Amino acid sequence: MVIEVEPDGDMERLDTLSRDLPARDSLQPYLRDEIFPLLDMARWVDLLISYLDTGHVVSFSSIARSLGEPRAARAVGELAASGALRGPTHRIIYADGRVPDRSVIELGAELELDERGGSYHISDDLTLEDIKVASPPFEQLRNIQASMDHLLVEEQGRPASLCGIDISSKDDLNVVCLSVSGLDGDDIEHHCKQGSLPMPYVSGYLFYREGPLILPALDEAVKEGMVKEDTLLVLDGNGILHPRRSGIACQVGVAVDMMTCGVAKRLQVGKVEGNERETAGHRISDVRDGDDLLGFAVRTSRSKPVYLSRGNRMTLDHALESLLPSWHHKVPLPTRSAHERSNEVRRAISESPSGDLQVPPLVLHVAVNR
DNA sequence: GCGACAG
DNA sequence: ATCTTGTCGC
């Protein structure tokens, strides 16, 4: 049976807004004030499952497909497990008919369950519902990505400084850290900010999870003069080395009209080309998807490589050239610093005797020489 | 057992 | 991303 869902105000608004993107210089307020407040996946799932009557069930992957992204199935499961949903979460089961342990009692009260080999299933004659949404939200997110891609500029960027960006999270506590250094990795300054991340992690949509925290922090760092026009932003994730050539480094770069590139620890798409060239201290291979050169696999010594790709106002070669002087460890120094620092600050906040540091939004500005 | 998808 | 002490190796 197919259930047709009537989109709520948020979904309709996301649909409308995704149709025409504003000009480049209005992107930041558009994202901050219009788009980001609509990114509430728990509400999307809640709307869908609110259509399930007693005894009707759907699968996690089916909900993800209805929302427009099969890969979001795990995120649906995480939302259900975390208690973020208000609707009848016990009516969400696995695609093979198995019932999650935590739902057995509640669902068992609604319909017949079979026990086989230690786990419970719905009976074989019961079919899963299929929920249809007129404007799947993940489809709109892809539309926005595509529109932002059109604003992506590839040129020979000449950065004078570097800014590593990373987020450390545990439970509901998230801290972003921007670490700015010279091209050689010296004179590091940190800017940290605490905030919430309403969207769960879904592969391919990292910007929509981390952007709402990164962009405000970046705005502050610019106003303080820490980050300037000639600063290359180094994101923890991909640039064009992405299924739709639209990774977080591309979207952040276009949003703030700055130079960006991405450094990812795992390969999301593409293949590492066989022949590896040696430079002083680095071993570099091409990463290609078909004929397209999308990035470099870079490793120091014999460790596993990380994957560099360009974002906005940057070429792959110039990104590499800009990062090599500070690239002595597995990742460039500003990226490493941002990672360490965001972790330290996140722990300091969670360990602080409740009160002082806990009040969001928290802003720490610390200058350190390392 | 397969497949494995940034953080 | 997070869970995590000491330990092996360059």
Side-chain angles (χ1 to χ4, degrees), chain A residues 39 41 60-61 64-65 68-79 81-82 95-96 138 141-142 145 164-178 194-215 217 233-253 260-272 281-283 287 289 294-311 328-331 335-336 338-347 349-351:
Chain A
L39 303 184
M41 186 169 158
F60 292 99
S61 62
R65 280 197 306 274
E69 180 47 80
R71 284 179 169 179
R74 267 205 284 277
V76 174
E78 281 165 20
L79 288 172
S82 73
D96 61 6
F138 279 97
L141 299 187
R142 287 195 297 276
Q145 278 180 315
I165 303 176
D166 197 18
I167 293 180
S168 173
S169 305
K170 192 201 172 181
D171 299 327
D172 287 331
L173 179 57
N174 314 287
V175 173
V176 64
C177 184
L178 314 192
Q194 178 186 348
S196 60
L197 301 180
M199 278 289 284
Y201 168 72
V202 179
S203 177
Y205 303 82
L206 190 57
F207 172 73
Y208 300 103
R209 172 172 171 77
E210 301 195 339
L213 183 51
I214 290 176
L215 293 191
L233 308 179
V234 186
L235 278 294
D236 207 351
N238 291 307
I240 66 166
L241 184 50
H242 179 275
R244 297 179 295 280
R245 310 290 181 262
S246 187
I248 186 169
C250 300
Q251 291 192 276
V252 168
T260 57
C261 65
V263 174
K265 290 168 210 68
R266 297 189 309 191
L267 199 56
Q268 188 191 10
V269 73
K271 291 189 311 180
V272 178
H282 303 88
R283 297 170 186 199
V287 179
D289 192 7
L294 297 183
F296 291 143
V298 182
R299 63 192 185 110
T300 54
S301 73
R302 47 186 262 194
S303 57
K304 282 186 299 185
V306 296
Y307 306 94
L308 171 70
S309 58
R310 73 176 180 85
H328 309 304
H329 299 279
K330 185 172 182 177
V331 295
T335 298
R336 192 163 170 265
H339 186 79
E340 285 178 349
R341 192 72 181 183
S342 58
N343 251 303
E344 291 167 4
V345 171
R346 196 223 346 125
R347 289 192 164 154
I349 292 172
S350 66
E351 285 165 14

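Letters A, B, ... are given to chains in the order of the sequence lines, protein chains preceding strands, and every chain is numbered from 1. Every value quoted in this text rests on a predicted model; they were computed, and no experiment measured them. Values below: all heavy atoms of this structure, side chains included; hydrogens, waters and symmetry mates excluded.
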Outermost contacting nts on DNA chain B, any atom under 4.0 Å from chain A heavy atoms, listed 5' then 3', are B:dC5 to B:dG7
Remember a base hit wins even if backbone is also touched, and classify A:L241 as base, sugar-phosphate or nothing at under 4.0 Å, heavy atoms. nothing
Taking the side chain as C-beta and beyond, is there a heavy-atom pair between A:T335 and A:V306 under 4.5 Å? no
Please name all residues satisfying side chain to side chain donor-acceptor pair (under 3.5 Å) with A:R245, sequence neighbours left out, ordered by chain then number. A:D289
Using Watson-Crick or G-U wobble pairs with both distances under 3.5 Å, give me DNA chain C in dot-bracket, 5' to 3', with [ ] for crossers and | for pairs to another strand. ..........
By side chain to side chain donor-acceptor pair (under 3.5 Å), A:H339 pairs with (sequence neighbours left out) A:D166
Could you tell me if A:Y208 and A:Q251 have a donor-acceptor pair between their side chains, going purely by distance under 3.5 Å? yes
By the 4.0 Å heavy-atom rule, please label A:N343 as base, sugar-phosphate, or nothing. sugar-phosphate
May I ask you to say what A:Y208 touches in the nucleic acid, namely base, sugar-phosphate or nothing, with a heavy-atom cut-off under 4.0 Å? nothing
Taking the side chain from A:S168 and the backbone from A:V175, do they hold a donor-acceptor pair closer than 3.5 Å? no
If we count only N and O atoms by modelled type, under 3.5 Å, do the side chains of A:Y205 and A:R142 hold a donor and an acceptor together? yes
Just call it for A:N238: base, sugar-phosphate, or nothing, with non-hydrogen atoms closer than 4.0 Å on any strand. base
Reading DNA chain C 5' to 3', which nucleotide is the first, and which the last, to come under 4.0 Å of any heavy atom in chain A? C:dA1 to C:dC10
For A:G262, answer base if it contacts any base atom (sugar-phosphate contacts may also be present), sugar-phosphate if it contacts only those atoms, and nothing otherwise; contact means non-hydrogen atoms under 4.0 Å. nothing
Can you run through DNA chain B from 5' to 3' and write each base as (, ), [, ], | or . depending on how it pairs? Watson-Crick or G-U wobble, both distances under 3.5 Å. .......
